[in-house]
There are 2 protein chains.
Amino acid sequence: MSLPHALMTSLLEKSCSGYDLARRFGKSIGYFWQASHQQIYRELGRMEEAGWIRSAAADDGGKTRKRIYEVLPPGCEELRRWAQEPVDPPNLREEFFVRLRAEAVMGPLGLEHELERRMGLHSLRLQAYRAIEQRDFLGKELSREATIQYLILKAGIMQQEGAVAWSQEALRVFRAWAAIGVLG
Amino acid sequence: MSLPHALMTSLLEKSCSGYDLARRFGKSIGYFWQASHQQIYRELGRMEEAGWIRSAAADDGGKTRKRIYEVLPPGCEELRRWAQEPVDPPNLREEFFVRLRAEAVMGPLGLEHELERRMGLHSLRLQAYRAIEQRDFLGKELSREATIQYLILKAGIMQQEGAVAWSQEALRVFRAWAAIGVLG
DNA sequence: CCAACCATGTAAGCGGTTACATGATTGG
DNA sequence: CCAATCATGTAACCGCTTACATGGTTGG
């Protein structure tokens, strides 16, 4: 569990409301960490209670219920402590591989379409990442912060490239079987 | 959720006990799907109740409590149905990237050691995968089933290779900073 | 005016993790 | 004999997902 820390990191980058955080988690940070608004509001409540963050009504003359959250020194401290903890890389949990393995043991189930669809999805994500790369990082002098963010983005790019390449190889195999009618 | 289906796939490959499943999930299948023995026993119970599998006391003369599980036709049916469902690839959930991002916004926290450690772990996994590749797949005529299993293994290999390469790049960056003493 | 979006929540359920527990068999 | 491994469970907790709910603001 580290959602609170992910939220504080995001808040340090820029203070904002829970709603804004939820939207941000659909974008940049959300590429490697997801969270629903329900989770976010709950965690914000807990974190405020713990004294890690504080909130203030947004400067909109009380028109909305919007609250802006800000990280407090104890939160910073905690984030710093947490960031230095070691964590093993998670092993992937890929449902599709289980399906593939089921197809291997139960005979042809027609997973070609699914392979195509998934390759399309990976291509799309790759495109999205490449667009961010083009917009924010290529052909610029990068600060230390930007350099690190670029490193993270590159991890995503490499991952998607790998997934696309793998999908293509898998498709080649399945299509060859389809062409010659091999069943086992 | 698809642990029951992962278990049935494993049982179709070879009927065995819950304990054996737990060990197998620490190996081949476990490279892309993990489960603790507690989960496994609970799911086996549910699946038997649902009529997807059945169990019989092991053929050891009642020496142990060991029970061998076997997939029944309804379980096969269900697995076939499930295997054809589409699933989007999961987006990675990488705690370490959150930490990196925290390091980006809070200044140097000394994540180099952690990067080295993680690179070592990825190298180890890669080695393990390569050993399996060598032992089970290279220089052999592969059946349809083996070909698919090899495809899955290759996905793991590519993933680890990518992770190692990325770690090296990240380390280069951090070491360059350390060498010239850049702080921001 | 109405739809879309902003903004924040509650409640139920489930899968996964952690801790705890038991007893039998095997090997040194 | 003792430790490790085999083998199977129970109980509590927690984060995440899904469904449901509310009310205000903005723009066409």
Side-chain angles (χ1 to χ4, degrees), chain A residues 1-8 10-11 15-27 29-30 32-50 53 55-69 82 87-88 90-95 98, chain B residues 1-8 10-11 15-27 29-30 32-50 53 55-69 82 87-88 90-95 98:
Chain A
M1 206 281 296
S2 64
L3 181 54
H5 302 89
L7 291 173
M8 281 198 286
S10 195
L11 285 176
S15 291
C16 65
S17 68
Y19 190 85
D20 295 330
L21 280 171
R23 272 193 317 185
R24 265 201 246 171
F25 268 67
K27 292 182 188 175
I29 304 171
F32 55 90
W33 199 271
Q34 301 86 45
S36 60
H37 74 273
Q38 294 92 329
Q39 260 180 292
I40 289 172
Y41 286 123
R42 187 181 344 124
E43 289 304 329
L44 285 174
R46 288 179 189 169
M47 289 155 74
E48 189 162 22
E49 202 172 352
I53 59 174
S55 65
D59 189 18
D60 57 5
K63 277 191 198 172
T64 69
R65 284 200 293 167
K66 189 170 181 171
R67 300 193 66 76
I68 305 296
Y69 287 88
W82 172 86
V87 259
D88 286 359
N91 3 14
L92 56 154
R93 180 162 285 202
E94 245 303 359
E95 280 204 28
V98 180
Chain B
M1 204 282 295
S2 64
L3 180 56
H5 302 89
L7 292 173
M8 282 198 285
S10 195
L11 286 176
S15 291
C16 64
S17 69
Y19 190 84
D20 294 331
L21 280 171
R23 270 193 319 184
R24 268 202 244 169
F25 268 66
K27 293 183 186 174
I29 304 172
F32 55 91
W33 198 271
Q34 303 85 43
S36 60
H37 75 274
Q38 295 90 331
Q39 260 180 293
I40 289 172
Y41 287 123
R42 192 188 331 135
E43 290 303 330
L44 285 175
R46 287 179 188 168
M47 289 156 74
E48 189 162 22
E49 203 172 352
I53 59 176
S55 65
D59 189 17
D60 57 5
K63 277 191 198 170
T64 70
R65 284 199 294 167
K66 190 172 182 173
R67 300 194 65 75
I68 305 297
Y69 287 87
W82 172 84
V87 259
D88 286 0
N91 3 13
L92 57 155
R93 179 162 286 203
E94 247 303 0
E95 280 202 29
V98 179

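Residue numbering restarts at 1 for every chain, and letters A, B, ... go by the order of the sequence lines.
- In this model, the phosphate group of C/dC6 is not approached by any side-chain N or O of A/Ser17 to a distance below 4.0 Å at OP1 or OP2.
- The distance from atom CD1 of A/Ile68 to atom P of C/dC6 is 14 Å, rounded to the nearest whole Å.
- One can place CD of A/Glu48 at 14 Å from C1' of C/dT8, the figure rounded to the nearest angstrom.
- For the pair A/Arg24 CZ and C/dA7 C1', the interatomic distance rounds to 16 Å; values are reported in whole Å.
- In this structure, A/Lys63 and A/Ser36 both approach DNA chain D, and ranking their closest nucleotides by distance from the 5' end singles out A/Ser36.
- The nucleotide whose nearest atom lies closest to any side-chain atom of B/Gln39 is, among C/dT22, D/dC16, C/dT17, C/dT17.
- In this structure, CD1 of A/Ile40 is placed 11 Å from P of D/dC16, rounded to the nearest angstrom.
- Between the CZ atom of A/Arg42 and the P atom of D/dC16 there is a distance of 8 Å, rounded to whole Å.
- Residue-level contact check: B/Arg67 touches the backbone only, with heavy atoms under 4.0 Å from sugar-phosphate atoms and none from bases.
- OP1 or OP2 of C/dC6 sits under 4.0 Å from a side-chain N or O of A/Tyr19.
- Base contact: A/Gln38 has a heavy atom under 4.0 Å from a base atom.
- Nearer to the 5' terminus of DNA chain D, by closest-nucleotide assignment, is the contact made by B/His37 (compared with the other of B/His37 and A/Ala35).
- A close approach under 4.0 Å does occur between a side-chain nitrogen or oxygen of A/Arg23 and OP1 or OP2 of C/dC6.
- The closest side-chain heavy-atom distance from A/Tyr19 to A/Arg65 is not below 4.5 Å.
- Considering only heavy atoms from C-beta on, B/Leu3 comes within 4.5 Å of B/Phe25 through its side chain.
- Considering CD1 of B/Ile40 and CZ of B/Arg42, their distance stands at 11.0 Å, rounded to 0.5 Å.
- Separating the CG atom of A/Leu21 from the P atom of C/dG9 is a distance of 13 Å, rounded to the nearest angstrom.
- Out of C/dG16, C/dT8, D/dG9, the shortest distance to the side chain of B/Tyr69 is found at D/dG9.
- Looking only at distances, a side-chain donor or acceptor of A/Glu48 sits under 3.5 Å from a matching main-chain atom of A/Ser55.
- A salt bridge links B/Arg46 with B/Glu43; the closest basic N to acidic carboxylate O contact falls under 4.0 Å.
- Of the candidates C/dC6, D/dG15, C/dA7, the closest approach to any side-chain atom of A/Arg46 belongs to D/dG15.
- With C/dA7, D/dT8, C/dC6 as the choices, the nucleotide that has an atom nearest any side-chain atom of B/Arg65 turns out to be D/dT8.
- Rounded to whole Å, the distance from CG on B/Leu3 to P on C/dC14 is 15 Å.
- Within the structure, every side-chain polar atom (N or O) of B/Tyr41 is placed at least 4.0 Å from both OP1 and OP2 of D/dG9.
- Closest contact between the side chain of B/Arg93 and the listed nucleotides C/dG16, D/dT17, D/dA7 involves D/dT17.
- By the 4.5 Å heavy-atom criterion applied to side chains, A/Ile53 and A/Leu7 are not counted as neighbours.
- We find that CG of B/Asn91 is positioned 10 Å from P of D/dT17, with the value rounded to whole Å.
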